[in-house]
Student: 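Here you go, one structure.
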Amino acid sequence: MNVRFKNNISAAMLCALAYILMLISKMIPAVSGFLQYDLKDVAIVTGGFILGPLYALVITLIVTVIELVTVSDTGLIGLVMNFISTGAFCVTASLIYQKKKTMKGAFIGLFLGTIILTIMMALWNYYITPMYMKMPREAIEPMIPTVFIPFNLIKGFLNSGVTLLIYRPVTDGLKRAGLMERKENTPSKKTFSPALIAGIIILLVFIPLLLLMM
């Protein structure tokens, strides 16, 4: 198999994983009745780390469209919101990681991805949510610093923590399946330990915060 064909198969598998994680996320209670924590970003940003930011963007588009036509009831506005949210996090993180394929690059990418996600969704919720929710902007404005920004920070950091935990198992699985070259620059066992520790710490800090918001 040539490299492009292998990458496309890997992308298809990650699309399926992202969709499954999205379905699992639907079981988690929403914050403020409509803010849904979504795990699919984990599979997509992992795909971006492995295959590059363009694949992250394509997987984001595919999964959000499939979500729209299968389980979503938020229409085209929900599709755009979903695409912006996931794309901002995953494409930013994978762009930075592709420039610096080290554990430090992964940390910086995930952190900045979380910040860009939070900024983009704060702007989206300020300008679009009043129309979408049929509420006056004056009712939405107090929610920006108290609900939307904290929620998206927590979401981004949680997904970053999970990504740090699953990245090596996913890449190992793709290597065993022959879909990824053994020489691919992935974290070694030595450099994976800080990622594992960081992932666990992030989850221990941000899972209680998400539960408090619920």
Side-chain angles (χ1 to χ4, degrees), residues 14 17-18 20-32 35-51 53 56 59-60 63 82 84-122 125 144-174 185-214:
L14 289 163
L17 177 59
I20 291 168
L21 291 175
M22 178 273 297
L23 292 177
I24 293 172
S25 300
K26 297 292 185 183
M27 303 176 189
I28 301 173
V31 173
S32 297
L35 291 175
Q36 183 69 59
Y37 171 65
D38 198 341
L39 270 166
K40 74 171 178 290
D41 293 8
V42 172
I44 298 173
V45 77
T46 299
F49 278 8
I50 296 169
L51 304 171
I59 295 171
T60 298
V63 176
N82 211 349
I84 292 173
S85 172
T86 298
F89 175 71
C90 299
V91 174
T92 300
S94 54
L95 266 172
I96 293 169
Y97 183 70
Q98 287 298 308
K99 298 292 184 182
K100 190 176 182 63
K101 285 192 171 185
T102 62
M103 191 56 62
K104 181 179 179 181
F107 285 141
I108 294 172
L110 291 168
F111 176 78
L112 292 181
T114 298
I115 300 303
I116 297 300
L117 155 70
T118 303
I119 293 171
M120 293 296 291
M121 295 314 293
N125 285 296
I144 301 295
T146 60
V147 178
F148 295 120
I149 289 178
F151 172 78
N152 285 296
L153 283 173
I154 291 169
K155 174 185 172 182
F157 282 119
L158 271 179
N159 285 337
S160 297
V162 179
T163 301
L164 292 172
L165 293 179
I166 74 162
Y167 180 72
R168 185 177 179 87
V170 169
T171 55
D172 285 347
L174 291 173
N185 186 9
T186 57
S188 66
K189 289 182 179 179
K190 182 178 179 181
T191 57
F192 178 65
S193 296
L196 178 63
I197 294 168
I200 292 171
I201 291 173
I202 289 169
L203 295 184
L204 290 176
V205 170
F206 287 95
I207 286 177
L209 293 177
L210 181 63
L211 294 174
L212 282 174
M213 287 203 75
M214 291 177 183

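Small disclaimer: the values here were computed from a predicted structure and weren't measured. Just the heavy atoms: all of them, side chains too, but no hydrogens, waters or symmetry mates, feed the values below.
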Student: Quick one: does Tyr37's side chain get under 4.5 Å of Asn159's, heavy atoms only?
Tutor: yes

Student: How far apart are the C-alpha atoms of Asp41 and Lys155, what are their side-chain angles, what is the distance that settles it, and do they pass the side-chain contact (heavy atoms from CB on, under 4.5 Å) test?
Tutor: CA-CA 10 Å; Asp41 293 8; Lys155 174 185 172 182; 3.8 Å; yes

Student: Locate the shortest heavy-atom distance separating Thr102 from Tyr97; write the atom from each residue and the value.
Tutor: O-CE1, 3.5 Å

Student: Please give me the minimum heavy-atom distance between Met213 and Val147, naming the atom from each residue.
Tutor: CE-O, 3.6 Å

Student: Rounded to the nearest 0.5 Å, what separation is found between the CG atom of Leu209 and the CD1 atom of Ile154?
Tutor: 5.0 Å

Student: Ignoring hydrogens, what is the shortest heavy-atom contact between Ala18 and Ile44? Give both atom names and the distance.
Tutor: CB-CG1, 3.9 Å

Student: Can you confirm whether more than 12 heavy atoms, excluding those of Lys99, are under 6.0 Å from its NZ atom?
Tutor: no

Student: Less than 4.5 Å apart, any side-chain heavy atom of Ile28 and any of Met214?
Tutor: yes

Student: What heavy-atom pair brings Thr114 and Ser160 nearest, and what distance separates the two atoms?
Tutor: OG1-OG, 3.5 Å

Student: Would you say the side-chain atoms of Ser25 pair up with the backbone N or O of Leu39, donor to acceptor, closer than 3.5 Å?
Tutor: yes

Student: Less than 4.5 Å apart, side chain to side chain, heavy atoms only: is that true for Ile50 and Val170?
Tutor: yes

Student: Minimum heavy-atom separation for Ala88 and Ile116, please, with both atom names.
Tutor: CB-CG2, 4.0 Å

Student: Pair Phe206, Leu153 - check side-chain contact (heavy atoms from CB on, under 4.5 Å), show working.
Tutor: CA-CA 9 Å; Phe206 287 95; Leu153 283 173; 5.8 Å; no

Student: Below 4.5 Å, heavy atoms only, C-beta onward: do Ile115 and Ile119 meet side chain to side chain?
Tutor: yes

Student: OG1/Thr86 to NZ/Lys40 distance, rounded to the nearest 0.5 angstrom?
Tutor: 4.0 Å

Student: Check whether any side-chain heavy atom of Leu110 lies under 4.5 Å from a side-chain heavy atom of Phe49, and answer yes or no.
Tutor: yes

Student: Is it true that a side-chain atom of Thr92 and a backbone atom of Phe89 form a donor plus acceptor pair closer than 3.5 Å?
Tutor: no

Student: Are side-chain heavy atoms of Leu203 and Ile207 found at a separation under 4.5 Å?
Tutor: yes

Student: State, to 0.1 Å, how close Cys90 and Val45 come at their nearest heavy-atom pair, and which atoms those are.
Tutor: SG-N, 3.6 Å

Student: Could you give the distance from CD1 (Ile24) to CG (Asp38), rounded to the nearest 0.5 Å?
Tutor: 11.0 Å

Student: With side-chain contact (heavy atoms from CB on, under 4.5 Å) as the test, would you mind laying out the steps for Asn82 and Met22 before giving the verdict?
Tutor: CA-CA 11 Å; Asn82 211 349; Met22 178 273 297; 5.9 Å; no

Student: Hey, does Thr46 have a side-chain heavy atom less than 4.5 Å from the side chain of Leu17?
Tutor: no

Student: Does any non-hydrogen side-chain atom of Gln98 lie less than 4.5 Å from one of Pro53?
Tutor: yes

Student: Let me confirm one number: the CG-CG distance from Leu165 to Leu196, rounded to the nearest 0.5 Å.
Tutor: 6.0 Å

Student: Please determine whether the number of non-hydrogen atoms from other residues, nucleotides or ligands lying under 6.0 Å from atom CZ of Phe111 exceeds 12.
Tutor: no

